[in-house]
Each structure stands twice: as C-alpha cells, then as structure tokens.
Amino acid sequence: MQHDKQWILIPWIAGLLIALICYDTKSILAQGPSIRDQTVNWIWPSSGVITDLFGTRRGVHKGIDIASDFGSPIYAVDEGIVSKSYYSKSYGNVVFIKHNNNFETVYAHLKSREVAEGKSVKQGEIIGRMGNTGDSSGVHLHFEVHQSEWTYDKHNAINPVLALGDIGVGAKVFANTNRVVEVSGRTQIEAHNGQENSQSTVPTQTQAMVHIVKQGDTLSTIAQRYGTSVRNLLSINGLMNEHKIFINQKITIKPAQSNRYVVREGDTLSAIAYRTRTPLAELKSWNHLASDKIIPKQVLIVR
Ligand SMILES: [Zn+2]
C-alpha cells in the first residue's frame, strides 16, 4: 500500500518541481529590482497628514492624498524632466515628472505650478504649491506614481507607499524625509537629511489635522472645537466664504505656534492638561494619542 502511494506521487512531484523551476526563472527574469529598491532615495513630495490612500473610492483612487497648508511647497520626489504641466478639470493644476528610472510621478490640485514642460528638475526642487484646484474637496496634494508612464486609464499606477514606505491615514509625513520609523507605537518619520537627525524621533513641526465636515458643522463650531479662529481656517484652507462649506469637505486645522507645548522630562499628560487648561480628552484627540504615553521633546497641540 505504502509502495503504491509512492509510485503515484512521483509524477506529481516531478511536475511540481518543473513548475517551480519555470516559475522561479520567469519571476527572476521578469521582476528585476523591487520598486522600493529603485525608489529608495525618494523623498515625500510634501509635508502634511495622509488623508487618503491608494485604491480607495471603489478602487478608482489611484494615488495618495497629503493635506497641509494652502500654498505649502510641493517637491519633486526625485530628479527628472517635467513631462507635463497644465490645468485639467479633474487634476486642476498638475505637474508630471518623468524620472530617469522610468517612473512617472503626478502632483495634482496645485494652487500654482512653478515649472514648465521640458524643464529638468532636481530632487527636492519646488515644482508648485499645495492648493484645491480641479475636482478636489479641500486643500491637499494628490500624488500618483506610474511605472513606465502615465496613461489615461492609469493602468500603470502603483501604490505610492510601495515607493515611499508603508503608512496609514492620519500619519504625518515630512518632505525631505523618506524613512518611516516606529516611535511609542505611533508612526513617525525619521529625518532623511543629516542636519535634521537631532529631530529624528520627535515630531517638531506643527501637527496639522484634518476635520471632515459633518452635518451641522459651521466653520465657527469647527474653529471653536480645535481652539483656532475662523479667519485662520479660511486662510489655511484657501476659502473665500465661511458659509460655503459642505459635508465631507476636508478642512485642515493648524493651531497657532503659541498653542504648542514641548514635552519635558518628567511631564505627564494629565499635568500638561492641567497646566495648559486643555481637557485631557481633547489633548488626546487633537494629538492622535491612543494612550497617555508621551516622550520628552514631543510637541503637543494644546489650548
Ligand atoms: Zn487623491
């Protein structure tokens, strides 16, 4: 019985081995270096908060969204040639860059474009300013990565986190940085540039937040909730009229400098809450804190 079983297995195993060898050879030949290997030196195209990911909206969202202040700089993720720079109804002001390793990147909804078609750009060069043009609800950068080239149906689009590092909604990213590190259970970005290394494990930039407008919200209730002013919200979001907000609109919140607190050795969250007259629950929600754990030099938004 045992003997019979072995004889039955032999052709099956031989077939499997042949299949494996063929598959392996094919995959080695077809794949080459991974996406991350080819883009390991890329930088984030802007600082801000991740507000949407690739593949959402029933798969039609072929990029990643980063929200920050109206007019904040947008950088080329790597050197290349500006392949397109124009205004479209959907992308708004948009810049395309073709890179030497054959990727093409897209930067959309810009307030302004600062490079023309055919120009060669260096990595980190400012190519435009963050805005809310085209089919966009709120100030943000929509960023796409295409292998080989952009096409109308976007079939070459790849998930930008494959190139820039895995990250989720609500995470902060800093331009001129490209590495994700884990700090106190929260995702932070490690400085890429040597000069910024002293700040590498603590976020020292103002923490922008995004509020999604719900039924009954007004700019004034939103301003009140986050300890900021209507004027501040209008200017950060490039809005002309405080009465023209709509449900699901993304409003960027960025409190003034004076509303930040740098954590000192020995501080506890409740002591900071008491000292800054910020309710503990608000302190945690504004700063996306899952627990009471804080670290020295961490910057908190306070009332
Ligand atoms: Zn988008």
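All ligand and atom numbering here is 1-based and tracks the order in the structure.
Around the Zn ion (ligand 1), the angle linking His142 (ND1) with His61 (NE2) is 100°, rounded to 10 degrees.
The hydrophobic cluster containing Tyr86, built from Ile/Leu/Val/Met/Phe/Trp/Tyr side-chain heavy atoms closer than 4.5 Å, also comprises Tyr91, Val94, Phe96, Val106, Trp150, Tyr152. Through ILVMFWY side-chain contacts below 4.5 Å, Ile247 is grouped with nothing and stands alone.
A donor-acceptor contact closer than 3.5 angstrom links the side chains of Asp153 and His155.
Take the N/O/S atoms of Asp65: the one nearest the Zn ion (ligand 1) is OD1.
Salt bridge absent: Glu149 and Lys98 never bring a charged side-chain N and a carboxylate O closer than 4.0 Å.
Because the distance cut-off is set at 2.8 Å, His109 fails to qualify as a neighbour of the Zn ion (ligand 1), as none of its N, O or S atoms comes that close.
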